[in-house]
Amino acid sequence: MSLAGEPDADLSPVGSLALLWPAIPDGLVGADERSRIEAAAARLAPIARIALELRLGEGRDEVDLHQYVSRSAADAAALKRHLSKSGPPGSSEGPAPRFLRAWADDADGLRTDLDGFFLEWDGPGSASAGPPAIFLPVQGRHDRAADGVARRLRLSAHIERLGLAGDTVASLLRAIPAKVSISYVGFMLGRGDAVRLNLRAVRPDDLAGMLDALGWPGDIGRAAALFGDLVGLTGQVAVALDFAPAIGPTIGFECALPDLPAEEPRWRPLFDRLCADGLCTREKRAGLERVGARLYPEDEAQEWPASWIGAAVAAQPQFVPWFERRLSHVKVSVGADGDVAAKAYVSAQHHWSREVAAAPSRATAGAVTVEAAAERAAGFLIAERQQDDFWRDFRIVNGASDEWVTAVVGFALVTSGVRLPNALAEQTTRALLARQRPEGGWGYNWISPADADSTAWVLKFLEAAGHSGPETSSAEAFLRSHLRSEGGLSTYAATTRLRFEGDAAPTDDSGWRGGHPCVAANAAGLIGDPLLGHLLATQAPDGAWPAYWWRGDGFSTALAVESLAGMEAARESRRRAAAWADRQAGSAATAFDRAWLIRILATGGPAHRARARAMALALAAEQRPDGGWDSSADMLFPDPADLRRNDDSPVVRDRNRLFTAASVLLALGSVTGADE
Amino acid sequence: MKRSAGPDLQSAIQFLSEAGLGEGSRALPPGRIDYESLSRLALEAGDEVSPEAVRDAFRLIMRARLAASRRPPPGDGGDR
């Protein structure tokens with residue numbers, strides 16, 4: 001990722017290797033290969049964003065080299081300086097240098113239209129090394145169908161002008177249905193007119209039909225089964241197809257996980273599978289699991305490449321560089337002859353800034369409506385669904401949440417009133433039911449044990465989706481088993497064994513088994529008495545229901561108000577909650593907090609409802625172009641021994657922005673059609 | 001006697017600049033981690049600095065920048 005205004009400096013990719021090699025065991029890259037890769041890297045443009053492509057099978061030692069060039073002015077300037085060393089273009093200039101010059105000059109808006117590109121050298125530095133492959137981005141995850149078609153057309157025009165692979169790509173981009181999102185197109189310049197298309201978000205159910213329609217000559221059933229397994233393990237798997245111009249014999253499944261193996265528990269079962277299938281040696285696995293790190297030049301004992309020091313010192317003072325090496329993704333290739341192999345991609349990148357990217361522009365400059373914002377929010381959430389039909393967000397020691405987050409997002413979507421894809425509710429229902437634990441509940445994710453809050457959200461979703469059956473009965477019984485004899489509801493039952501990835505169970509977890517008002521607020525509408533009575537009795541004097549798991553009380557209070565809806569004895573309680581929300585509304589800063597205050601105010605009198613609608617319009621005006629909002633759902637991760645909310649607990653934010661978007665979608669729905 | 005930077009940011013920047021490693025620096029050795037090369041480069045420029053002094057001055061500059069970037073901007077000190 002590159003930020004505007006980054007220093008215009010030459011950064012040798014050899015520096016990336018210098019910081020990468022100490023983490024790479026000889027079994028992954030041998031001494032001869034290192035020398036060869038270093039020699040090749042020294043000849044690249046001075047942009048320190050590279051990756052190595054490593055074979056994981058026994059006796060497979062070849063290493064390929066990749067480089068990423070962003071659309072930034074600094075990268076273009078570095079590329080231009082690099083190209084100038086080889087003199088003016090000759091009449092026989094090949095497609096690769098021709099493309100690079102066009103990129104550096106932004107010829108015909110090439111760089112304006114595309115975010116960046118990858119170069120890939122097979123066997124770099126060897127006698128047989130040919131020109132690099134060029135990979136160009138095609139569509140974004142959040143492009144609507146019409147935007148995707150427009151992007152394909154613009155890219156086709158560039159490809160034609162540059163003489164890359166001729167008609168093959170243009171006809172492919174026309175032939176692939178608009179509903180299939182093409183993430184990258186690659187030009188294998190060393191293999192004639194061969195091109196590769198990377199497709200995202202292909203559902204496991206759809207792969208066999210797609211391969212059949214394209215005439216892939218291999219065992220389609222076997223390939224589809226493997227693809228389904230990989231989607232089940234990682235959630236997101238891109239499909240790589242080669243054409244020349246007919247479909248090639250090898251297809252690839254690229255499995256990407258968002259974090260380093262030390263932070264993302266799903267790498268473990270993926271590697272378990274690869275090793276069990278003989279696709280990855282244990283030594284290579286161990287090396288890859290340890291490769292990830294972020295390095296900072298100011299740290300004691302952290303060395304820094306010599307050629308990067310001058311650039312860092314000369315840069316403007318707001319730039320403090322850092323470096324990241326990481327396991328980017330794993331690719332499993334399946335040949336038409338039945339051969340299966342695996343590769344890993346390890347990136348090694350210099351970054352200039354510790355800051356996150358500047359706030360993106362908002363969705364609309366003209367009139368904003370609540371209804372249109374809800375449509376875009378639903379579109380954002382639908383595009384973020386992973387191929388195993390789960391949504392994932394937050395990250396704690398056990399990784400991202402899938403079961404709980406999927407239930408909340410699914411509930412927001414099916415109650416939004418927005419027209420959804422036909423099978424979405426059914427697919428979400430199926431995915432969640434497949435995860436129901438023997439004891440009847442659901443949890444934060446597949447590692448965490450079932451809990452009352454996640455189970456309550458799944459029950460709310462199932463009811464909204466129109467599903468009922470024996471699963472709901474056992475889930476309700478599970479929920480009731482969390483009622484406490486002294487009143488209230490706990491998140492975890494006394495008999496539940498808490499589990500943390502890689503760590504022993506906590507010695508004192510009485511806090512997480514205590515009574516939690518926010519969980520009681522969520523579940524009271526499902527359980528009824530005695531929990532409703534408990535809710536009424538535990539409202540704070542100011543009108544709120546204090547949360548245990550959240551930094552603010554708006555979410556908890558809104559859930560309580562919804563659970564008490566329609567209960568005549570709770571009228572005064574709801575009025576006090578609305579008055580509390582009205583007092584909070586002026587100072588609530590985040591989209592998440594305001595969303596839940598809107599849900600409370602929308603249940604109040606005319607003045608409160610008017611305020612809710614005005615707040616919803618303000619949120620609509622802050623929507624990002626992709627349909628989401630800035631992430632702001634601040635969950636707390638208290639020590640398991642904390643009996644009450646501990647405001648000093650680590651804050652875990654919804655990094656993927658799904659929980660905030662789902663909250664705002666619910667808020668928008670609560671004022672849709674309300675008094676204008 | 002080999003020169004070394006003072007303990008403050010300005011003298012660290014001046015030190016590296018005078019050693020030919022600051023703004024407008026000449027061609028540096030390729031990307032290897034090699035403070036010896038930097039030290040030799042400075043020596044060619046007529047400045048005798050130790051590899052450790054180059055490293056320490058660089059770290060000092062980076063730490064100072066980081067500390068400055070994490071300081072709240074003026075006027076954001078809770079006066080609203």
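Heavy-atom basis, side chains included; hydrogens, waters and symmetry copies ignored. Predicted, not measured: the structure shown is a model, and the values here were computed from it. Chain letters run A, B, ... following the sequence lines, proteins first and then strands; every chain starts at 1.
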Which answer fits A/Asp299, side chain, backbone, both or neither, if we ask what part of it has an atom under 4.5 Å from a heavy atom of chain B?
-> backbone
Taking atom CZ of A/Arg551 as the centre, report whether more than 12 heavy atoms of other residues, nucleotides or ligands fall under 6.0 Å from it.
-> no
Would you confirm whether B/Arg55, through its side chain, and A/Gln302, through its main-chain N or O, come within 3.5 Å as a donor-acceptor pair?
-> no
Between A/Glu298 and B/Leu66, the two heavy atoms sitting closest are OE2-CD2, 3.0 Å
Atom pair CE/OH of B/Met62 and A/Tyr296 - distance to nearest 0.5 Å | 15.0 Å
Chain B shares the most heavy-atom pairs under 4.5 Å, among A/Pro46, A/Pro321, A/Pro297, A/Ala9, with A/Pro297
Over 12 non-hydrogen atoms of neighbours within 6.0 angstrom of CZ in A/Arg34 | yes
Around atom CG of A/Asp647, are there more than 12 heavy atoms of other residues, nucleotides or ligands at under 6.0 Å?
-> yes
Nearest atoms (heavy-atom pairs only) where B/Arg65 meets A/Ala315 | NH2-O, 3.0 Å
